[in-house]
Each structure stands twice: as structure tokens, then as C-alpha cells.
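Quick notes on the structure that follows.
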Amino acid sequence: MALTSDPPSAVPLTKAPEAATATTVAAVPRASSAPAGLTVVPVRHPWRWVAVAATAVLLVQFAHGLVTNPGWEWDVFAAFFTTETILQAVWVTLQLTFHGTALGFAIGIVLAFMRLSANPFLRSVAFAYIWAFRSIPLIVQLLFWFNLAYLYKELSIGIPFGPSFLSFDTMGLVGEMSAAVLGLALHQAAYAAEIVRGGVLAVDEGQSEAAASLGIPRLRQLRRIVLPQAMRSILPNAANEIISLFKGTSIVSVMAIGELFYQVQVVYGRNGRVVPLLMVATAWYVLLTTALSVVQHYVERHYAKGSAR
Amino acid sequence: MSSAVTVSAATTVTEADTAKVEIRSVHKSFGTLHVLRGIDLDVRAGEVTVVLGPSGSGKSTLLRTINHLEKVDSGTVSVDGTLVGYRLSGNKLYELRERDILKQRTRIGFVFQNFHLFPHLTVLENIVEAPVSALKRPRKDAEAAARKLLDRVGLADKAEAYPKQLSGGQQQRVAIARALALEPGLLLFDEPTSALDPELVGEVLDVIKDLAASGTTMIVVTHEIGFAREVADTVVFMDEGRIVEQGPPGEVLDSPRHERTRAFLSKVL
């Protein structure tokens, strides 16, 4: 909603006469005056100014509260914002996000092309995967991975149903961190698959037809013609997913992994300063989400090459 | 081989560079719709064949079977004596792998009604893509050839533009240059001017006429009767999945033997 650049009129609640005058002038230009000489008077929006005033008062009240209410304990916030423990926790959160995203989208891309393939078996498997992993709550799934060793004490590589060559202790192989990454990635893959599939479907069929008619090899068609165009619709959704995964890593705190939210809980459990420490976590989440949004802007601009909007 | 592209429009391409087309009793259905009902057609090397007919007569489908964008249900299509999409062994037709079909298509240029340029690539990148990736040409050579082609279709100054920055007529001329970049022995045009504003039709038809004069085998599906009269060696009239009649433009367009052809022409002329 745009405000007019003019200041509010002296009598803001009586716009009718003014508007009426403007209409008269526009509708009946006098023959003597050149049309170019007529001034255009934009419609006044006095209620917009009222709304602005009301909203501004609320904002100022809130800001005032942030500064004056001692409960926020900004000194505690400042003391903990960049302590070693918190920085390390931020780093763990970033690692979980990065690995979860990378692995999740890698699996997601494979699943997307399985769902798009002509092979009914691959199609159904991908469909079933997406169905299953979208149906299981992330936290339930994470706890399953955490307890993997209970189901399978040993993992081994060998001939299926035959002898095995190499075995690992499940506990040693799937540590807490890998269990968390695995859980996040497998969950993410289901959503990533649908986003990628949607992006590919959004590309005009004529594009792959033209590429096929030119004899461009199949993989090259995907990499050079279809995917760059699909990226335009994939990116906004993918950015949403990455950001929600970034914040979603806080769920991993149930597995006692030292990511941001868990660490903050540990600290306020010790010193009882709940609110300022929650603000520490909040500030970091906001800061890093902002950084991700900036990156998103530039990546989207890259893939907008040749488009009108 | 490479001379086919780099020659100026006035030079005639040698007979060896152009391909003949033989279509034998081709049938094609989409579900219950029998679109092609036994098509037999011969196109001699270096000739221009124009296919006319009402919408839904199967002419676009026929064109698309020639480079195997559409699989036939029965019958055969061969270009320059080689079956398209299949290998004949004994009396069985084995479908080729996609890789081999893609290779065959590099000998057949196809121009679409809606251009289908790659919008995220510049004009030059659009033209260079296939020679570089399908024919493994060095990028430098491909770019030099592409610039010559752009010059030939009158768009030398648009090499760095993106398709959206061009008019429809310019886009179609780029699409033609893109098809020519593979130096095909056969060019297929699927209603190349149907998506254009009336005042842009001329510039595209001029380019196609130019190509016709250079001696490449061409099959053009169109509604432009004037173009057919001027350029075609053979005019084919199709209706309801069959070829109703064919012959020199003077015969088919001026004294059609079939009632159906007469009725169609009286509506479009």
C-alpha cells in the first residue's frame, strides 16, 4: 500500500469535496486551456495516515519495552552472545544444516528423476519413499535412527543374502551426529524430491523436444537445458526448505547434540537466565537466516538470465 | 560436409549433401484417434515438398515421425536410405537406443511452430549448443559457423541477445539458424509462420525460400498457399490421416482432382 507523497490535507476526514473537484476538472477540460496544462491531483488516503499512526505507536511501545524492561537482561545477552560455547553450538547447527541439505537434496534429485522416469517400478519406489518420509514426524524418525543399534547391531558389506566381507559395529559407525544428519537428510530428501520434480515439470515440454530434435545427448539435455530452467521455480522453494531445516535442527536437541538450541538450554538450566539466552538463540537464527536470504537473492538473479522478470 | 553451412545463400549445395525421404504405409494412433492412416510419400533429394491440409489432418504428426519425435505404430520412415528409429534385421524392426536416435536426428533439422529457443541461453549459445555437444565440434569453430549463419538469416548483430529480446520473426530465424548449424541433409518445418504476427511472416518465409534455392531437401507444413506455389516442387494435400493428392503446385493448387482439395483451397485462397 503506497502512501501519497503529499502531506495529509488540513481537514483529513473530508476528502469528498476535493475528489469531486478533481473529477470535474478532468471530465470537463475547458476548451481554452491546453490539456497538457492540467494538473493531476492524486486521490487522498487519510485513513492510511491514521493506520500508520496507530501502527507506529504500537511499534514504539514495543521498542520502549525492549529497552526499559529489565527482564530482557541485555547485559546477560551481550555476555553470552559470542561466548565459546555458543559459537561452537552455532557451528554444529550450521554443520547439521549443510550436511542435511547437501545429502537431502542429492537423494531428493535422484528420487525426483525416479518419479519422472518411464520405469513403473522406480516410480513406485520413489513414490513410496516420499509417502513414508512425509508421513513420519521428524522427531520420531530421529529417535529411530538414534536407536538403530538396537535393531541392527552390526552393519556389513557383502553379497546380498550371502557372505559378508566387511562388518562394522553400528554404534561406532552411526554416531549421534551422523544419526542426526541421516535423519534430517532422509526427511529433507522427500520434500526436496517433490520440489525438484515440480521444477522439472514446470519447464515447457517443447524445450526437451527441441533439444532432442537437435540430437543433444540425454544427460546434457538435463544439465544444460532443463535443469537451469527448472532452477527458477526450484530455488524459492528450496530456499524455504533450507531455512526451515536450519531452524528445524533445533529438534535435534532431543538427542543431546550440542547444537545452538540445546546449548542455550544447558546454559539457562545452569544460570536460570531463560529469556536473555533464548534471545541469544533467536538473534543467531535471525542473523543466519538473513544471510541465507541474501545468498538466495544472488543465486536467483544468476538463474534469471534471459528472462523478462 | 562443412561446406553446406558456410556457403553463401547463392551457392548451390551439392546433391550428396541432401537426403531423400521414403515413407511407407505409416500408421499412427493416439489412443483411439487414428491420426495417420497409411501414408506413402517419396521426397527426392534436393526437392521442396509442401504439405497442406486442414487442422487435425495429421500433417504435423507425419512431420514429427520423420525425425522420430513421434514413434510410428507401423510402417517405416527412411532418410537417405537409412531407417529412422529402427534397425531392420530379418523381418523384424528393432527399436534403436535413444543415443542412436539422437545421432540420427543430427542429420535432420527441425523447426517448430513455437520456435522453442532455449530462453536462458543467448542466441549464439542456442546455435552452438548442438554442434558442440552432439557433433563434438570445437567451440571456436562452432561459434564462427554460428556467426556466419546469423549473418545469413540477417541477424548478425543479435548474437549476444537473449531470445526474449527478439521479435517472433527474429526468434524463428534464430531457430532456423540453430537447425542449420548441424548441416542437416533434410530440413523439416512445422508451421514455421503460424505463431507469428502477419507482418513478420514475410521475413521468415524469405529465409526459407533462400534455403530452398540452395538445394537442401525440405518438407514444409504450412498454411501459406502463396509460399507453396512459389517454392514447392511438390504439393501434398492431406485430410483425415491420408494423402488425398500430390503433384506439382500448378496441378494441385490450380486444378485439383479431388473434391476435398477443392473445398479446402476455396476456403483458404
Side-chain angles (χ1 to χ4, degrees), chain A residues 109 113-123 195-196 198-239 296-309, chain B residues 63-64 66-70 85 97-123 125-136 160-166 171 174-175 178-184 186-190 195:
Chain A
I109 289 170
F113 283 103
M114 280 170 76
R115 267 206 85 177
L116 290 167
S117 87
N119 184 324
F121 182 71
L122 294 182
R123 255 194 340 246
I195 290 172
V196 171
V200 171
L201 289 179
V203 178
D204 179 20
E205 257 182 290
Q207 290 292 308
S208 21
E209 207 163 67
S213 81
L214 287 164
I216 296 170
R218 182 94 179 100
L219 264 181
R220 175 93 180 176
Q221 287 181 28
L222 277 181
R223 226 186 56 236
R224 177 83 168 149
I225 307 299
V226 176
L227 277 181
Q229 295 185 62
M231 282 307 271
R232 290 214 65 204
S233 37
I234 291 175
L235 273 172
N237 294 322
Q296 177 190 1
H297 171 78
Y298 284 100
V299 176
E300 279 189 17
R301 208 169 63 172
H302 169 78
Y303 282 103
K305 268 190 306 183
S307 79
R309 25 176 204 132
Chain B
L63 203 68
R64 291 162 59 87
I66 298 176
N67 74 345
H68 207 68
L69 277 181
E70 219 68 80
R97 283 176 309 172
E98 190 178 3
R99 195 190 314 163
D100 300 318
I101 294 171
L102 286 169
K103 205 167 283 170
Q104 288 189 329
R105 291 209 186 104
T106 61
R107 296 282 300 134
I108 306 169
F110 199 101
V111 176
F112 296 87
Q113 179 176 354
N114 294 312
F115 334 134
H116 294 328
L117 292 178
F118 307 130
H120 59 303
L121 303 181
T122 64
V123 164
E125 288 169 336
N126 260 280
I127 300 174
V128 161
E129 180 57 30
V132 168
S133 67
L135 299 182
K136 311 285 176 221
E160 316 306 332
Y162 283 97
K164 287 240 169 75
Q165 298 163 332
L166 305 179
Q171 288 189 47
V174 172
R178 183 175 70 172
L180 288 175
L182 291 165
E183 300 163 24
L186 168 67
L187 277 171
L188 307 174
F189 292 87
D190 188 8

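Note on naming: letters A, B, ... go to the chains in the order of the sequence lines (proteins, then strands), and numbering restarts at 1 for each one.
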Side chain, backbone, both or neither: which part of [X] has a non-hydrogen atom closer than 4.5 Å to chain A?
X: B:P119; value: both
X: B:L135; value: neither
X: B:L117; value: backbone
X: B:R178; value: both
X: B:F112; value: side chain

Query raised in the report: Between the side chains of A:R224 and B:S133, is a donor N or O closer than 3.5 angstrom to an acceptor N or O?
Result: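 No, B:S133 and A:R224 have no side-chain donor paired with an acceptor closer than 3.5 Å.
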Report task. For chain A, find which of B:Q165, B:K103, B:R99, B:E98 contributes the most heavy-atom pairs closer than 4.5 angstrom. Result ->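 So the answer, after comparing B:Q165, B:K103, B:R99, B:E98, is B:E98.
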Report task. Under 4.5 Å, counting heavy-atom pairs only, tell me which of B:L102, B:L188, B:L69 racks up the most with chain A. Result ->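 Result: the option with the highest number of such pairs is B:L102.
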Report task. Could you look at A:Q221 and say if it's the side chain, the backbone, both or neither that has a heavy atom under 4.5 Å from chain B? Result ->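 For A:Q221, side-chain heavy atoms alone lie under 4.5 Å from chain B.
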**Report entry** A:R218 portion near chain B, given a 4.5 angstrom heavy-atom threshold
**Finding:**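 For A:R218, backbone and side chain are both near chain B.
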Taking [X] for the side chain and [Y] for the main chain, is one N or O donor matched with an acceptor at less than 3.5 Å?
X: B:Q104; Y: B:G85; result: yes
X: B:N126; Y: B:F118; result: yes
X: A:R123; Y: A:S117; result: yes
X: B:H116; Y: A:A211; result: no

Query raised in the report: Looking at A:K305 and B:E125, does any basic side-chain N land under 4.0 Å from a carboxylate oxygen?
Result: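 Not counted as a salt bridge, because no side-chain N and carboxylate O are separated by less than 4.0 Å.
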Requested in this report: Answer whether the closest heavy-atom distance between the side chains of A:L116 and A:L201 falls below 4.5 Å.
Outcome: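 In short, these two side chains touch, coming nearer than 4.5 Å.
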